[in-house]
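On a predicted model such as this, the values are computed, not experimentally measured, just so you know. The chain is numbered in sequence order, starting from 1. Note that ligands are numbered from 1 as they come in the structure, with each ligand's atoms numbered from 1 the same way.
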Amino acid sequence: MQRFQRWFVVAIVIAVAIASVTYVQGNARQQTDLQISEVAKKVKNNEVDKLVVDGDTVKVQYRDKSRPVQESRKEASSSLIEQLTQYGVTPEQRDAVKIEVFNGTNWLELFLSILSPLSILLFLGFMFMMFRNAQNANGNAMQFGRSKARMFNGENPTVTFGDVAGADEAKQELQEVVEFLKQPEKFIQLGARIPKGVLLIGSPGTGKTLLAKAVSGEAGVPFFSISGSEFVEMFVGVGASRVRDLFGEAKKHSPCIIFVDEIDAVGRSRGTGLGGGHDEREQTLNQILVEMDGFGTDTNVIVIAATNRPDVLDSALMRPGRFDRRVVLDRPDVRGREAILKVHTRGKPLAPEVDLGKLARATPGFVGADIENLVNEAAILAARRNKKLVTNDELLESVERVMMGPERKSRIITPSERRLTAYHEAGHAIVGHLMPNCDPIQKVTIIPRGMAGGYTLSLPVEDHHYVSRSKFVDDLSYALGGRVAEELALGEITTGASSDLQRVTEIARDMITRYGMSEKMAPMVYGQKQEMVFLGRDLGEQRDYSESVAMEIDREVQKLVLTAYQRTKDTLTQYRTTLDAVAEKLMEIETLDADSFRKFFDGGDKPFNPRAPMKAITDGTDDAAAPGATPAPMPA
Ligand code: ADP
Ligand code: MG
Ligand code: ZN
């Protein structure tokens, strides 16, 4: 819109300038040398040789050729002769003067007479350009009600299911949609009700957009893509009319797909106060529902929508006949990640020793977008190092980069801080190594990265879907290792452990209130999360237990943490010499990899069986919901 206004102002200014030039020119010509009455007098005195009439201008040439030609103006309404007669010029006197009526080209006149219409033309031209410009700039800015959807005609598909790795269940679900779009008759003949809407649900970067494009690529049908936020403009009613326009357009191209990305921008629950009771949004949403209800069995338009906040979506969207298909895109598991790695390393020169399976294991919690980013970072690093191949070094470094932001070698660390960090990380690593259910230590470093002063990386052998009580208990000790080491070695505790303590608190509370892992309390869930805890978000808790149960919970949580603390302290006291040695080594060389770290222990292996079989205690937890299920590196 600003563009529109700017053009408008420019056009007006130019038009005004041209008009005023014309006006001034016109006025200048009004300044004449003689009044017509004076001309008459001079004619009567027989001073005049010739009068040249050109329009209303009268040029007076005198008999005395030394006198300059003077100019006068006659009135436009009557002829020069009439006017002279009026001023008492007799026919004889008049005949003594040559009168020439000149209708030829007066160049100035001509120019000006062209210029005025020209300025109008110019103005119109500007208007036209401005309209066109505004339209090109924002799709159809001058037609607010038109949808801004981009259409891809599906004839040369750029994305197919082959480009989407991992997400096998999701692809299977969508395969049906593809078949329907390819051969609608087959389904209609059997009286099958065709899905109208498919809702893709998943964390950002899990490939929702990619999958929707793949569906259209597979089916070879047109694909209208629009983002939920594009429906919403500053004017009420625009969204609704855009929806009408979009669906109308889509029906013309049926069979086809409408893809509404980030539908939560319009599809938020109405009347919750969440995101406001926004009138405009409500109207837009209603219009989408109306259009979807209006689909006949022969419409063959399928709406695919994507969101990462299904918990805030209006329940009306989910009703049968609307988005009744729901496809959940999970964070990929280890095999999924390996497959995605394969897709994105396609065509990139990898060193032969690179093991994608191992890399997949080192990237728990990564989504497709992270993996794409990781591979790209590695390629950039390799190029910067003038290598011909991307090696393990670059890939592993990029894992950490994506996870925690780039290494900050430049941060100035005082020697005492360095010592503190070394002990802290050594503490984590040693406890993590000794606890039977912790994941093997992959790397210990005191090089700061992102927000962390140093970190210990543990590499899960496989993704955990179920987490046992003993693993939680060991993880508590692992998380407390840093703080305990500080206390033992430096006789002082610092704020360095605050994020560890946060984690400890979370694990312990969840064990008691969500997973029923208390010895004393009934195995049930205490407190209802207000929003569906779907993707790790919740908005607060509804307390559904009494004050005495609350006290009981607190006591149980405290007991868990204190027990873990004591266990950690005992362990590190027992391994005090190892703690000193590891810390010294860290201060010396900053980073220890898995092998050099294991050398600090007799025999080089965990004293306990590191692969103790896990007991499945919790049912149906997903990655996001189970803390410790995706063991993040342990920040200092
Ligand atoms: P979302 O829409 O869920 O936020 P996108 O579809 O935009 O995520 O994914 C971003 C990028 O991540 C994609 O362009 C793709 O390169 C990569 N990606 C995500 N998931 C996958 C997957 N399953 N297989 C291959 N690449 C993926
Ligand atoms: Mg997306
Ligand atoms: Zn720590």
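The protein non-hydrogen atom at the shortest distance from atom 10 (C) of ligand 1 is Ala369 CB, 4.0 Å. Nearest protein heavy-atom contact of atom 2 (O) of ligand 1 is Thr209 OG1, 2.6 Å. Atom 21 (C) of ligand 1 has as its closest protein heavy atom Leu210 CD2, 3.7 Å. Summary of contacts: the protein heavy atom closest to atom 4 (O) of ligand 1 is Gly205 N, 2.8 Å. Given atom 26 (N) of ligand 1, the protein heavy atom at minimum distance is His344 NE2, 2.8 Å.
Ionic pairing of Arg335 and Asp168 is not present here: no N-O contact between side-chain nitrogen and carboxylate oxygen is shorter than 4.0 angstrom. A salt bridge does not link Lys182 with Glu218: every distance from a Lys NZ or Arg NE/NH1/NH2 to an Asp or Glu carboxylate oxygen is 4.0 Å or more. Comment: Arg483 does not engage Glu487 in a salt bridge, judged by the lack of any side-chain N to carboxylate O separation of less than 4.0 angstrom. Between Asp475 and Lys471 there is a salt bridge, since at least one side-chain N of the basic residue sits less than 4.0 Å from a carboxylate O of the acidic one. Looking at Glu173 and Arg326, no side-chain N of the basic residue comes within less than 4.0 Å of a carboxylate O on the acidic one, giving no salt bridge. Salt bridge status for Arg598 with Asp595: present, with a side-chain N to carboxylate O gap under 4.0 Å. Note on Asp370 versus Arg337: no salt bridge recorded, every NZ/NE/NH1/NH2 to OD/OE distance being 4.0 Å or above.
Using a 3.5 Å distance cut-off with no hydrogens or angles, the side chains of Asp580 and Tyr423 do pair a donor with an acceptor. Looking only at atom types and distance, the side chain of His428 has a donor-acceptor partner in the side chain of Asp500 under 3.5 Å away.
Of the heavy atoms in Glu372, only side-chain atoms (C-beta onward) come closer than 4.0 Å to ligand 1. When non-hydrogen atoms are compared, ligand 1 lies under 4.0 Å from neither the backbone nor the side chain of Ala167. At a heavy-atom cutoff of 4.0 Å, ligand 1 is contacted by the side chain of Ile340 but not by its backbone.
The contact set between ligand 1 and Val164, taken as ligand atoms under 4.0 Å from a residue heavy atom, comprises 23 (N), 24 (N). With ligand atoms numbered from 1 in the order given, ligand 1 contributes 24 (N), 25 (C) to contacts under 4.0 Å with heavy atoms of Asp163. Each of the atoms 4 (O) of ligand 1 lies under 4.0 Å from some heavy atom of Pro204. Close approach of ligand 1 to Ala165 is summarised as follows: ligand atoms under 4.0 Å from at least one heavy atom of the residue are 22 (C), 23 (N), 24 (N), 25 (C).
Annotation: side chain of Arg567 is not in contact with side chain of Thr563 (no heavy-atom distance under 4.5 Å).
Annotation: Gly207 places an N or O atom under 3.5 Å from an N or O atom of ligand 1; distance criterion only. Any N or O atom pair closer than 3.5 Å counts here, and Lys208 shares at least one such pair with ligand 1.
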| Are Lys171 and Glu176 close enough, and set up right, to give a salt bridge (charged side-chain N to carboxylate O under 4.0 Å, His left out), and what steps lead you there? | CA-CA 9 Å; Lys171 281 197 274 189; Glu176 208 170 297; over 6 Å; no
*Kindly determine whether Asp163 and Arg346 satisfy salt bridge (charged side-chain N to carboxylate O under 4.0 Å, His left out), including the steps that lead there.*
CA-CA 11 Å; Asp163 298 304; Arg346 232 191 253 154; 3.7 Å; yes
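Among heteroatoms of the N, O or S kind in Asp500, OD2 lies nearest the Zn ion (ligand 3). Nearest N/O/S atom of His424 relative to the Zn ion (ligand 3): this is NE2.
For the Mg ion (ligand 2), the set of protein N/O/S atoms nearer than 2.8 Å consists of Thr209 OG1, ordered by chain and number.
Closest non-hydrogen pair, Leu586 versus Ile446, comes out as O-CD1, 3.4 Å. The shortest non-hydrogen separation linking Thr578 to Phe600 is CG2-O, 3.8 Å.
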